[in-house]
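So the structure is just underneath, and the comments pick up after that.
Chain letters run A, B, ... following the sequence lines, proteins first and then strands; every chain starts at 1. Excluded from the calculations below are hydrogen atoms, water molecules and symmetry mates; all remaining heavy atoms, backbone and side chain alike, are included.
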Amino acid sequence: MKIALSLAALVALALAPFGVSDYGLGLLIGAVTYVTLASGWAVFSGHTRYVSLATVAFYGTGAYTVAVLNEAMPYWLVLIVAGLIGAAIALVVGLSTLRLAGVYFVIFTFGLSELVRQLITWYEVNVTGTLGRYIFLDVSAREIYWQMLALGAATIALTAWIQRHRLGLALRVIGDDEVVAAHSGIPLARTKLTAFVLSATILTLAGAIASPRWVYVEPSIVFNPTVSFLTVIMALLGGANRLWGPVLGAVPLFLAFEWLSARFPDTYPIFLGLLFILVVFALPDGILAGLERLKTRKTEDRA
Amino acid sequence: MLEVTDLRITYGKHVALDGASISVGAGEMVAILGANGAGKSSLLGAVGGRVRPASGQVTYKGRDLLRLPQHALVEEGIALVPEGRGIFPGLSVAENLDLGARPRRAKARAGAIREQVFTLFPKLAERRAQIAGTMSGGEQQMVAIGRALMSAPDLLLLDEPSLGLAPIVVQEVFAALARIRASGLTIMIVEQNARATLALADRAYLIEAGRITGSGPADTLRTDPAVVRAFLGGAAVAES
Amino acid sequence: MTLLAIDHVTKRFGGLTAVNELSFTLAQGEVVGLLGPNGSGKTTLVNLISGDLAADGGRITLAGETLTGRRPDQVARAGVARTFQLVRILPSLSLTENVMIPAVFGAKSHWGAEARAVARDALERVGLAGRAETSAGALTYIDQKRLELARALAAEPRLLLLDEWLAGLNPTELAEGIALIRSLSESGITILIVEHIMEAVRALCSRVVVMNSGRLIADEATETALRDPHVIAAYLGEGTDA
Amino acid sequence: EGDKVRIGYAVARTGANATGAGITTIPNYELWVKTVNAAGGLKMPDGSQRMIEVVEYDNRSSNEDLVRSIERLASQDKVDLILPPWGTGPNLAVAPLFDRFGYPQLAVTAVTDKAPDFVKRWKRSFWLLGGGHDYAEGLVDVLKAARDAGTINNKIAAVSVADGFGIDLISGARPAFKQAGFDLVYDKSYPLGTSDFSAILSEAKASGADSFVAFSYPPGSFGMTKTAQSMGFNPKVFYLSVGGAFPIYPGIADGKAEGVMAIGGVNADSPAMQEYFARHTKEIGNPPDSWASAITYASLQMLEQAVARVGLDHEALANELSTGSFDTVIGTVKLEDNQLRDLWWVGQWQGGAFRAIDPADKPGASAPIIPKPAW
Amino acid sequence: MLVTTLILGLVLGGTYALLALGLTLQYGISRIMNLAYGEFTLVSAFALVALFKGAGVPPLLAIVLIAPLGYAVGWILYAVMMRPLVARAGDAGRLDVASILATFGLMFLIQGGLLVTFGADFTSITYLDQGVNVLGVPVALNRLIAFAICVVAGGGLVLALGRTRWGLALRAVAQTPGSAPLVGIDVNRVARQGFALGTALAAIAGASIAMHQTFSATDGVVFTMKALVIVIMGGVGNVAGTLIAGLALGLVETFVATAIDPGLTLAATFAIFLVVLLWRPQGLFGRR
Ligand SMILES: Nc1ncnc2c1ncn2[C@@H]1O[C@H](COP(=O)(O)OP(=O)(O)OP(=O)(O)O)[C@@H](O)[C@H]1O
Ligand SMILES: Nc1ncnc2c1ncn2[C@@H]1O[C@H](COP(=O)(O)OP(=O)(O)OP(=O)(O)O)[C@@H](O)[C@H]1O
Ligand SMILES: CC(C)C[C@H](N)C(=O)O
Ligand SMILES: [Mg+2]
Ligand SMILES: [Mg+2]
């Protein structure tokens, strides 16, 4: 039943570009991109509670790969290569962060994104001698949307599968108590790495898919840390450890951003900040948990 | 000196303590006995300010304790050694003890009390500079008890103080409790080592499933067949 | 047949040698007590066996297989389960889920209904079957200890390490606990018990190993050890309550 | 309703680009709209006038948001005209959209050597601020003249900010310096976001160069000025890029801006320019910067005049912008191959005003002051 | 040259360390992961400029006025906004999440307010800009002042935390807030003090930044992240660690800028940071 509903929604979403303006399509792309990012992020961070700020390192790497390779090979091949690069980086990063916990991990991943950005900048400046790169690809907004939608749907399906699978249980236990996890026979390193690489590959692909929309790419544009922050915030706001949590965080927040900034171009950060604080206070465990609480209260009232 | 009336403690829907009333006189040592989950720790926690009761009253020297926040009770002269010890694992042993001596009345006497604690637990003197969290389980229990003593309390609340201590240390702790009592300290103790406890205590309360089901002088209870069966473990210790 | 062999194992923390050239063995099916004053190195040894700590010297083997140098999860899958001196449960998960974990990830790796069945069995053995679906955080300290034991059992271990698992039980409960451990032993599990309650040690262990300051000071039959003047002086004290 | 002209833009109000946009772009857009509306509105070919109504979004300095905002302006709000965002990257990012929706794009605040290619790719795009090479070569002209006159030595110390802009300039400058026979004794880039320049400047000072050249952004330009002052670094030529021509610069230099060179410049003596400065100061509260501000304003005047001639039809407008000539605050403008080539490359603070000094043969050029007076 | 590098590096490091001191208190003691930290410093920087340009108050005097104001603001903010979060959070992980989310909103709120009030322009003042000769190296006086403030504030804090009863109580709360009431410590009060003191330090840092650096209303995130990197590198809640990490970063940046390539300064900053964490996952002086 739930699966059927999800599939129906997916079909409806896939058909949506035929009924909306270019702007509508832009909105859809934006929303789906953030849903993908937040859900992809949660594949690793949702249960393990390792808050990663490396999102943009992968997202940007995806975009950069396209920028570097788009004239050298066919688009689909570029996407595959991007995914592989993302996975490879994630493996190295994952291996090096295994000993880090809590806020140390958070800031490490932030530092890592910045390091990547600085090194690419330095490389381009000193070796290639140019900084900006162009992506003149003939990918229409619709195609970008469908690709992103497919990636987003695949991410959610993957999450659902993981939750029902040993990997999901292992991640949850790791999130609760790593010592217990280890003594129960869970291989910590392998489990964390698997999830991290999966998550990173999704994030990298998202960057690769989105990049043709930007045309001009340079490190300060594609490695913009705001993306990492927004992703975390959206996932946490919705409820990072639930299947639909990231969706419920990403879509409203994205729309709120959009609406407020259009409505109050000068003062919207103030409203947004207030709204945000309000939500945090009103819905302590995220939007999804809030909704569920509301639902149980209703059923209890009826009973 | 301490009056607990009609105390009710709930955790969500679960009722841990249901209308318990006890009283402890000045200088008395009172033991609380009961099975696991009976509500002993909840009762002690409520007196020590750790647990907020749903209803009831706790008065100490005529003051309503429930109106005070937990941290204020230390100034009132109440020290709690909770279940799970509640030490500062990141600080050194010496710092843990110093923190115990925060109340005004303890500051002046801190040096002398520290000596007493070190006599009781020589290990602590030896390991003053060690980070408390890296001590063994029993050693940490010593830190917890030592720290409570450092506050020069007039009411000492002990939740299973002998837990995890080697037999030789348990004997020392009980011997020390006997000495401390002699100096007029009031003690409320939850302990599974009922035999040793009753040997020392003046009175005891029995608590079952959240209710007080019996009480009396320790001497009487020690020979009460029902108590022996439930708390002193009749059969298992045949040789005594 | 020797199941566990501790062979000249040493562990240092800075200047402190917590375990010092320690050697003893455990035969298959044996229940042995590990005694010693506070801070003598018992928990450290348990941590060394279970892979939480890496030894600075010596070797630990389980049925001939070397454990030293292995990670905790590898040791767990090799058939060693443990409880912790300070209980470690997952408060946000239900009892069943808590106990399922080693059933899923342990040596046998069950899944789905099978894992649940293993979990239910284990809960039943410790007497918690009735509360299988409550969340572990709501249990009392003692019940949490039970839960921890159930979790260890669900791993279907060959060797069980109990670190003061009986501490804090009242006499009635203690009797129950002893019976429970005995039943485990009867089902063939080898058990190493760290305990300060002599009553329990007497009831369960035919043999004890006694440590002091990281060294072995006795490895003999329980009754002999408990009368050993060294053991009395270092550990039991004169007014032995045992 | 049909009697208003709806003009939209999506410029950075927040984020990294907010500062640049807040100084150069937004004030001019606002000033222009205000001026036009105060005069009764935009003139149409039929002589009627229509008031301007603005639709504005914040692109949050993110190209993703920027792209979406432009789509919104074009497909949702269906505005009559769209004004471009601030910065090279953002202008490139929206170029395909302007092209697809057919809007003319008057890319002002974009410095790129690739403009000729872009013009071919996007027929309705116009590039008005030149390329990195132009500015670099202009600077070389100035330095060469001074060296040949014996005023400065042959050594140059150059630093560049590590982003597209800085790199474009330094990579244009290197060959130009070399060709002119200069010795580039110090040549380093520094990352965007650098806030401490003590180390860089003490190296530059130690290099013995008479000319210090910084291809920098405002925070760097300001930081280097202050650091140079506090460490007593007094090169004979002190050249900065973005920020050097900002109205706040003399204040930052503690009133000692005299002789500092920077990118851009205006003909400070032209009455049109003086009137523009006065109006900007009055309406916005502070004077414009002396480089891209005037050009931004000029681009709007071009648009205004083109509309008056051919109306709002995008194709006709693009055509007119491409071929017509316009009367603006920077003088008469006529684009060559959709690019504005008649620009000032180097300016210098002289007597409290930032004056253009290169091309030296362009009418209105002032003579450079070299060596710069000590701080 | 080496002396130059050393002195310039230390002075730069001092400004970094000063920036991070407040954050280490707010996160280390009060457990609030304050993403709006940089905005706090900015508000103070703008306040200093406004006082200086608007009312002619000399910046050094302005700092003396701003610091207690910062304390008061921090105090109120903790009581009104953070306290409820702490009360409902239970464990540290959940408090991290709650405070990240809440202060993220606060960050927008303050940034928006600054943009509306001060616009997006670069702001800067000229004050005590002259070079002072330190062992033959010219250093701007205002930076030297920032360095001095850092040494005084940082050193004072190290002493106060390490040697006084008040400091011991603060550390106790920092490490195990759950146990603190057992020894009569009012956790709420101590956490509020820590947060307010952190805000006061943020205000001092912001004011000193205004004296020596150009800034704009959108710079907050940069400050926050720089401070965070330093705090983490030093070990959460460890003031001495923060000081050392800040100085180390300053030295590394200056060394890389002079000896290798200024283009790699930020890369070096992050590389050093990552290497330190790989070597010591709990920061230089952090405890696990
Ligand atoms: N934090 C809590 N949340 C929910 N239930 C709790 C909590 N603490 C205690 N309880 C419940 O309250 C009851 C009484 O607990 P309490 O800890 O007071 O018992 P106790 O007599 O001290 O037992 P023990 O001997 O096991 O320490 C138990 O049933 C327990 O499950
Ligand atoms: N991480 C550590 N760092 C420093 N010292 C440690 C560490 N872990 C344990 N120790 C010390 O090693 C010694 C042995 O500790 P261990 O926990 O093994 O004792 P134990 O025999 O289990 O004692 P108990 O019966 O009290 O639980 C103790 O003195 C303890 O303080
Ligand atoms: C106007 C210029 C300062 C814009 C700059 N070239 C940029 O890259 O954004
Ligand atoms: Mg209890
Ligand atoms: Mg132990």
Side-chain angles (χ1 to χ4, degrees), chain A residues 49 51 53 93 96-123 125-126 175-176 225-226 229-230 232-233 235-237 240 249 257 260 264 266-281 283-286, chain E residues 27 33 35-36 39 81 84-85 88-89 92-94 96-116 217 221-222 225 228-233 235-236 261 263-283 286 288:
Chain A
R49 306 195 194 174
V51 173
L53 286 178
V93 174
S96 57
T97 55
L98 284 173
R99 273 163 23 111
L100 297 173
V103 70
Y104 292 92
F105 177 85
V106 181
I107 308 303
F108 184 95
T109 50
F110 169 79
L112 196 96
S113 308
E114 290 294 291
L115 182 64
V116 170
R117 154 155 96 167
Q118 295 299 334
L119 289 181
I120 291 186
T121 305
W122 190 84
Y123 178 85
V125 167
N126 290 282
D176 273 2
T226 314
F229 281 107
L230 274 184
V232 174
I233 297 292
L236 293 182
L237 189 70
F257 253 113
L260 282 171
F264 312 99
D266 288 328
T267 48
Y268 86 88
I270 299 180
F271 291 106
L272 197 74
L274 282 175
L275 180 80
F276 215 87
I277 295 171
L278 209 75
V279 170
V280 173
F281 276 86
L283 302 170
D285 297 310
Chain E
Y27 187 60
M33 172 50 78
L35 289 185
E39 273 66 25
M81 188 167 158
L85 296 180
R88 87 179 187 204
R94 295 186 52 171
D96 272 354
V97 170
S99 57
I100 284 176
L101 290 175
T103 56
F104 187 74
L106 193 61
M107 180 182 100
F108 269 96
L109 187 68
I110 301 178
Q111 199 192 92
L114 286 176
L115 278 171
V116 170
V221 191
V222 179
M225 293 323 290
L228 259 178
V229 162
I230 294 168
V231 167
I232 297 302
M233 186 165 146
V236 168
D261 182 348
L264 287 174
T265 47
L266 293 186
T269 301
F270 290 109
I272 286 290
F273 168 70
L274 300 190
V275 167
V276 163
L277 280 198
L278 291 180
W279 165 54
R280 285 186 63 87
Q282 68 280 44
R288 282 228 121 164

Once you round to the nearest 0.5 Å, how far does [atom1] of [X] lie from [atom2] of [Y]?
| X | Y | atom1 | atom2 | result |
| --- | --- | --- | --- | --- |
| E:M225 | A:F229 | CE | CZ | 4.0 Å |
| A:F108 | E:F273 | CZ | CZ | 7.5 Å |
| E:L264 | A:N126 | CG | CG | 7.0 Å |
| E:L278 | A:L100 | CG | CG | 6.5 Å |
| A:I107 | E:L274 | CD1 | CG | 11.5 Å |
| E:M107 | A:I277 | CE | CD1 | 11.0 Å |

Considering all heavy atoms of both residues, which atom of [X] and which atom of [Y] are nearest to each other, and what is their separation?
| X | Y | result |
| --- | --- | --- |
| E:F270 | A:G111 | CD2-CA, 3.6 Å |
| E:V116 | A:D266 | CG2-O, 3.8 Å |
| A:P269 | E:G112 | CB-CA, 3.6 Å |

Check whether any side-chain N or O of A:Y104 sits under 3.5 Å from a backbone N or O of E:V236 as a donor-acceptor pair, and report yes or no. yes
So, the side chain of A:R99 versus the backbone of E:Q282: is there a donor-acceptor pair under 3.5 Å, distance only? no
Would you say that [X] contacts [Y] through its side chain, given a criterion of any heavy-atom pair below 4.5 Å between the two side chains?
| X | Y | value |
| --- | --- | --- |
| E:L228 | A:F110 | no |
| E:L277 | A:F105 | no |
| A:T121 | E:L266 | no |
| A:L274 | E:F108 | no |
| A:I270 | E:L115 | no |
| E:V221 | A:T226 | no |
| E:F104 | A:L230 | yes |

Dump the intermediate steps for side-chain contact (heavy atoms from CB on, under 4.5 Å) on E:L85 and A:V280, then the final yes or no. CA-CA 9 Å; E:L85 296 180; A:V280 173; 4.3 Å; yes
Using heavy-atom distances under 4.5 Å, tell me whether [X] contacts chain E through its side chain, its backbone, both, or neither.
| X | answer |
| --- | --- |
| A:F271 | neither |
| A:L112 | both |
| A:V103 | both |

Most contacts with chain E, counted as non-hydrogen pairs under 4.5 angstrom, among A:L236, A:T97, A:L119, A:V232: A:L236
Checking heavy atoms, do the side chain of [X], its backbone, both or neither come under 4.5 Å from chain A?
| X | value |
| --- | --- |
| E:A98 | backbone |
| E:M33 | side chain |
| E:L35 | side chain |
| E:V229 | both |

Most chain A-contacting option - heavy-atom pairs closer than 4.5 Å, from E:G235, E:A89, E:A267: E:A267
